[in-house]
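Residue numbering restarts at 1 for every chain, and letters A, B, ... go by the order of the sequence lines.
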Protein chains: 2
Amino acid sequence: MALRHAVLAALLHEELSGYQLAKKFDTGVANFWHALPQQLYAELTRLETEGLVTGREVVQDTRPNKRLFTVTGAGLAELERFTAATAKPSFIRDDLLVKVQAVDQVNAEAVLAQLRERAAFAEAKAELFGSLLRTMRGDRDEEEFLRHGDRIGPYLTCLRGLAFEEGNRDWCLRGAAVLEERRAARARG
Amino acid sequence: MALRHAVLAALLHEELSGYQLAKKFDTGVANFWHALPQQLYAELTRLETEGLVTGREVVQDTRPNKRLFTVTGAGLAELERFTAATAKPSFIRDDLLVKVQAVDQVNAEAVLAQLRERAAFAEAKAELFGSLLRTMRGDRDEEEFLRHGDRIGPYLTCLRGLAFEEGNRDWCLRGAAVLEERRAARARG
DNA sequence: TGCCCCATGTAAAAAGTTACATGATTCG
DNA sequence: CGAATCATGTAACTTTTTACATGGGGCA
């Protein structure tokens with residue numbers, strides 16, 4: 001039941017349509033959670049019937065009409081309750097880790113290729129997060145911004161996203177280097 | 001459908017019972033995946049009917065009997081197929097991140113407390129992973145072990161787990177420091 | 001004597017993924 | 001002219017979580 005809270009948190013600063021929300025959750029720009037469009041449309045509907053968000057129709061001539069959603073007082077109260085409750089620890093769940101775990105018994109070439117691919121993906125995401133952070137803090141430096149800025153929440157979660165992707169990248173590159181080195185050693189005899 | 005592959009990967013080196021497997025997956029010692037006991041018992045049953053693992057009954061007098069599972073040839077082939085297929089990117093999904101995202105609008109004290117708690121948890125896990133790594137590499141240094149050791153798969157995934165938890169800890173401590181500083185600033189002015 | 005560990009599950013509910021559906025507009 | 005974007009969903013399926021069930025042995 002955390003998707004609803006993720007949606008509420010995402011709508012806290014901006015009024016968004018389901019479509020816009022979906023884009024954020026999909027690309028991982030909303031890097032504190034991930035969800036598919038269908039989930040979001042369904043969740044927004046549920047949240048609206050429960051009075052936690054309100055939608056207003058925006059009629060567009062050139063584009064299809066859309067509904068923009070805002071968090072209500074009840075929605076904010078619900079987020080407050082959620083925030084006060086204790087959170088469970090989070091776990092990694094990643095196909096690639098499973099493959100690496102098995103790398104001694106299976107085709108290492110395939111794993112090597114996927115490590116390289118993932119490293120590139122992680123690097124791209126890290127760069128995206130980096131530029132988002134620069135945009136958020138403007139001309140202030142980070143220390144200054146975190147001391148006195150408003151809206152530090154999204155900044156902090158983006159920092160975690162950045163570190164996570166940098167960690168991914170570094171680990172993938174390290175793993176790839178190890179596998180390459182071992183392949184080379186086998187080739188030498 | 002990755003749980004089955006996680007189970008196969010976990011059983012690759014050791015023969016384990018459902019209970020033992022559950023403990024690993026629960027404490028996150030099998031830090032490349034996480035699953036509840038019920039899932040594992042169900043998955044083991046399924047894997048056995050599909051011939052991907054075989055169980056052998058071990059009769060115990062003082063303890064209840066148990067069934068130890070091993071990966072079959074078909075199981076290894078299935079892992080091989082899985083490894084060759086392309087993996088999807090992984091996303092963070094964490095309650096605490098949602099709470100931090102909302103921290104500007106909700107009670108920051110609760111978030112601060114949870115950041116501290118999580119930092120401690122992450123630190124404990126990082127230490128556990130650190131000692132697991134030391135055990136795995138024995139008296140060799142890491143470079144040496146990764147070059148010439150066998151079973152580097154579990155070592156590499158454990159390295160990722162370690163970096164992840166260190167990242168968690170550092171980020172939590174940073175976030176907590178920021179929130180404290182802002183509280184102090186508010187109190188002053 | 002009460003609580004934790006061993007050991008294995010079933011059943012139901014919630015959450016997440018995959019597949020499919022529709023239709024206009026803008027861009028290369 | 002075909003593909004991508006805007007915009008919103010429904011339906012079926014898979015996966016994960018929560019709650020419940022059972023029963024002996026060891027330990028404080």
On the nucleotide [N], are OP1 or OP2 found under 4.0 Å from the side-chain N or O atoms that [X] carries?
| X | N | value |
| --- | --- | --- |
| K88(B) | dT18(C) | yes |
| Q60(A) | dC6(D) | no |
| T62(B) | dG26(D) | yes |
| Y19(A) | dT8(D) | no |
| Q39(B) | dT17(D) | yes |

[X] side chain, from C-beta outward: closest of [options]:
| X | options | value |
| --- | --- | --- |
| R93(A) | dT17(D), dA7(D), dG23(D) | dT17(D) |
| R63(B) | dT14(D), dG26(D), dG16(C) | dG26(D) |
| L3(A) | dA7(C), dG16(C), dT18(C) | dG16(C) |
| K23(A) | dT8(D), dC6(D), dG16(C) | dC6(D) |

[atom1] of [X] versus [atom2] of [N]: gap in Å, rounded?
| X | N | atom1 | atom2 | answer |
| --- | --- | --- | --- | --- |
| D26(B) | dT16(D) | CG | C1' | 14 Å |
| L40(A) | dG16(C) | CG | C1' | 11 Å |
| L21(A) | dG9(D) | CG | P | 13 Å |
| F69(B) | dG9(C) | CZ | C1' | 12 Å |
| R56(A) | dA7(D) | CZ | P | 13 Å |
| L47(A) | dT8(D) | CG | P | 15 Å |
| N65(B) | dG23(D) | CG | P | 16 Å |
| Y41(A) | dA11(D) | OH | C1' | 17 Å |

Hey, which of these two, W33(A) or S17(B), hits DNA chain C nearer its 5' end, going by closest nucleotide?
S17(B)

Between D61(A) and L36(A), which has a closest nucleotide on DNA chain C that is more 5'?
L36(A)

Hey, is the side chain of Q38(B) pairing donor to acceptor with the base of dT8(C) inside 3.5 Å?
no

Would you sort out whether Q20(B) and S17(B) count as a side chain to side chain donor-acceptor pair (under 3.5 Å), showing the intermediate values?
CA-CA 5 Å; Q20(B) 294 171 309; S17(B) 68; 3.3 Å; yes

Are any of the side-chain nitrogens in [X] or [Y] under 4.0 Å away from the carboxylate oxygens of its partner?
| X | Y | value |
| --- | --- | --- |
| R56(A) | E15(A) | yes |
| D94(A) | K88(B) | no |
| R116(A) | E180(A) | yes |
| R174(A) | E142(B) | yes |

Both conditions, 6.0 Å and 45 degrees, for the charged tip of K99(A) above the ring of F82(B): are they met here?
yes

Heavy atoms only, 4.0 Å cut-off, all strands: where does R4(A) land among base, sugar-phosphate and nothing?
nothing

